[in-house]
A.B. asks: 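Dropping a structure here in structure tokens format, bear with me for questions.
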Amino acid sequence: VVGLFVQEEQDDEDLDRTSNKRALAAVAAGMGACVAVTAPFLTPALRRHVLPYVPATTSQLNDTLALIARALTHQATRSGSSSSRTSSATLIDLGSGDGRVTLSALQKFRSSEVQRADGV
């Protein structure tokens, strides 16, 4: 009877070791996945030579303003607004650099459609 009891304890310890190994493997795999996902975003910050800032050309700026005008027109037709009732929009420029797009959009559309423009 004593031998059988000792054998059951060893089986329980083996089971605990196996589950601990599986848990450790799962944690290691999760950490590896986190590193693999975030590495492309973190490595540019570690470069010795940072890429220079290149401002948008006038042509690119005009194309962007034309696209904003189309989006505002589309928004107005979807909302059913008439010429007497104007809708307002907020423009958010991610990666705005010097803010030329947001400033130009405010200058061109401020009185009619765009009430606020933020550059991040």
A.B. asks: Using 0.5 Å steps for rounding, measure from the OG atom of Ser104 to the CG atom of Leu61.
C.D. replies: 4.0 Å
A.B. asks: Check whether any side-chain heavy atom of Asn62 sits under 4.5 Å from a side-chain heavy atom of Thr58, and report yes or no.
C.D. replies: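 In short, these two side chains touch, coming nearer than 4.5 Å.
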A.B. asks: Is there a donor-acceptor pair under 3.5 Å between the side chain of Arg100 and the backbone N or O of Pro55?
C.D. replies: no
A.B. asks: Write down the atom of Leu65, the atom of Val101, and the distance for their closest heavy-atom approach.
C.D. replies: CD2-O, 4.5 Å
A.B. asks: Rounded to the nearest 0.5 Å, how far apart are CG of Asp63 and CD1 of Ile68?
C.D. replies: 11.0 Å
A.B. asks: If I take atom OG1 from residue Thr102 and atom CD from residue Gln107, how far apart are they, to the nearest 0.5 angstrom?
C.D. replies: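 That separation rounds to 9.5 Å.
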A.B. asks: Taking side chain to side chain contact (heavy atoms under 4.5 Å, CB included) as the test, write out the residues that go with Thr73, two or more places apart.
C.D. replies: none
A.B. asks: List, one per line, each side-chain donor-acceptor pair under 3.5 Å for residues 21-40, sequence neighbours excluded.
C.D. replies:
from: Thr38; atom 1: OG1; to: Cys34; atom 2: O; distance (Å): 2.8

